[in-house]
Protein chains: 2
Amino acid sequence: MKSGAKKVQDKLAIDKNSVIPIYYQLAKFLEEQIQTGRLQPGEALPTEMELAQQFGISRMTVRKAIGELVAAGMVYTQQGKGTFVSVPKLDNVVFELDNYNQEIKERGLTGKATLLEARIVRANQQLMNKFQISDENTRFLYFRMVLAAEGEPLAYERKYTIYTKRKPILESELQDPSLTKLVSAHSDSMPVSSKKVLQVSVATKEEASILQIPIKAPVFVMEQTVYNAEHQPVGWSKSVYRGDRYQLTAYDGWHSKEG
Amino acid sequence: MKSGAKKVQDKLAIDKNSVIPIYYQLAKFLEEQIQTGRLQPGEALPTEMELAQQFGISRMTVRKAIGELVAAGMVYTQQGKGTFVSVPKLDNVVFELDNYNQEIKERGLTGKATLLEARIVRANQQLMNKFQISDENTRFLYFRMVLAAEGEPLAYERKYTIYTKRKPILESELQDPSLTKLVSAHSDSMPVSSKKVLQVSVATKEEASILQIPIKAPVFVMEQTVYNAEHQPVGWSKSVYRGDRYQLTAYDGWHSKEG
DNA sequence: TAGTGGTCTAGACCACCGG
DNA sequence: CGGTGGTCTAGACCACTAA
């Protein structure tokens, strides 16, 4: 089976005098071996010592290169056995949704956030639940806004934060009114973590009117709760996204960032 | 401002004779300094040399510890300047949806996949588009199935793969019929990457009937395309998930895996 | 027991940044 | 210019695996 030890081709793949780091060159070289199938899933890479000797470099440098591939999920190591090519896992889903401003920029659109309402509200049962408090006199800062691009409404957002500071609402908050900025500006607590839940729903009459879609049209609903260092909720928002304008996309498998 | 250089507390934090690697101890120690606020966002960590001297360890070991924090997104480095505590980014969304079997197991439910139909179909316009082919004689293996838990239907899936092998449909495929397994079993190509698109929609008459929900009830629709090494589509599926039973959750901020 | 990856050291030179 | 992080070396010892 292991006849001739299957050298990993010419050592010309590494230029020790290049400005490009050696570990990076080696990582890309091994990555190519895998992508092209010269190294098959499950197959063992040459040992660290072999690679170091073949390319005339230090073992630590080899380890750094392999570390990159491990981080990328392309190979895995087993102490005492070796380093092996991974089998691509394609069945898990990781969806990314950039925030509003990034989306708008990337699409080259003329985005606009319109503030419909901003006021101080007292606690009600829903807010007391969401913020896990029992003091009925707690006051919240309430933002209600529409996000639009190219003149078309895309999302409707309602945001709440516990109101303690008496700071005026800044111009900048109207441009990019993210929940975390709202919290850090008007609350005593610094937000350090958040939880988001994405659900599917149909537009209510109010939402349909604002988003200019039919009543009961399908929409994404995202609820976000931000917490301070003590794990207490300090901000909550509910955003409704037009189902005909938003989708989540996920790419899976081996994807080299530059290759 | 920098009075006394703010030592990072006692060096008793590191036990060089412990079985726990030094770099790991140091990473956890620095992580704690950040989590508890003794190191504030934007603030500089001690330099690598300072940390190495303070704890009597090698600079390479310090670098490995810092590398862990960088990978976790808690700090970032700037060549020539220093290493700094990150500000938590809470506005990007990364939703994870485990695959069906994992979900069922984690929830401790009795899951079941019921095959409604499995047959060979010829190309139609939709399939020729999805697979980017023009040969009308191409044949596809077509799976249609319902996923259920606790006797309640949860999802309805339709899967296609280019049919080349004449392998019989195995018992195991009926138990865990993931698209990638379907492709690797019945197609000539090995799937190496995939693209998934998640959208919101309303149930058609057929879907409503199968999922036992009202017509036009909101649903998640996920389309998955799997590609071979040559970036050619070799499998395509469309899954419909009940909107009242599925949601995507994302946690954001600093979350140490063990701490 | 021999070979593997995991950790660690004590240096070295470099590119970059700021004053 | 001095200080920072980025790269690299040539060793060393260890824990683990397999024969």
Under 4.0 Å, counting only non-hydrogen atoms across every strand here, what does A:Ile66 touch: a base, just sugar-phosphate, or nothing?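 It contacts nothing in the nucleic acid.
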Practice task
Classify the nucleic acid contact of B:Ile22 as base, sugar-phosphate or nothing, counting any heavy atom under 4.0 Å across all strands shown.
Solution key: sugar-phosphate
Practice task
Kindly state whether the ring of B:Phe131 and the ring of B:Tyr160 have centres lying under 6.0 angstrom apart.
Solution key: no
- Message: On a heavy-atom basis, which atom in A:Pro41 and which in A:Ser86 lie closest, and how many Å separate them?
- Response: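 Nearest pair, atom of A:Pro41 first, then A:Ser86: CB-O, 3.6 Å.
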TODO: Taking all non-hydrogen atoms of both residues into account, name the closest pair between A:Ala44 and A:Leu39 and its distance.
DONE: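 Here A:Ala44 and A:Leu39 meet closest at O-CD2, 4.2 Å.
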Check: [Y] main-chain N/O paired with [X] side-chain donor or acceptor under 3.5 Å:
X        : Y        : result
A:Thr164 : A:Asp188 : yes
B:Gln25  : B:Asp15  : yes
B:Gln53  : B:Glu50  : no

message: Without decimals, in angstroms, what is the distance between B:Glu50 CD and D:dG5 C1'?
response: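 In whole Å, D:dG5 C1' lies 13 Å from B:Glu50 CD.
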The first and last nucleotides of DNA chain C lying within contact of chain B, meaning any atom under 4.0 Å from one of its heavy atoms, run from C:dT7 to C:dG18
B:Lys81 vs D:dG5: side-chain N/O to OP1/OP2 distance below 4.0 Å: no
Note: for A:Val62 and B:Gly82 on DNA chain D, the residue whose nearest nucleotide lies more 5' is B:Gly82
Exercise. Start at the 5' end of DNA chain D and walk down; is the nucleotide closest to A:Gly80 or to A:Ser58 reached first?
Worked result: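 The 5'-side residue here is A:Ser58.
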Result for 5'-nearest mapping on DNA chain C, choosing between A:Glu48 and A:Met60, is A:Glu48
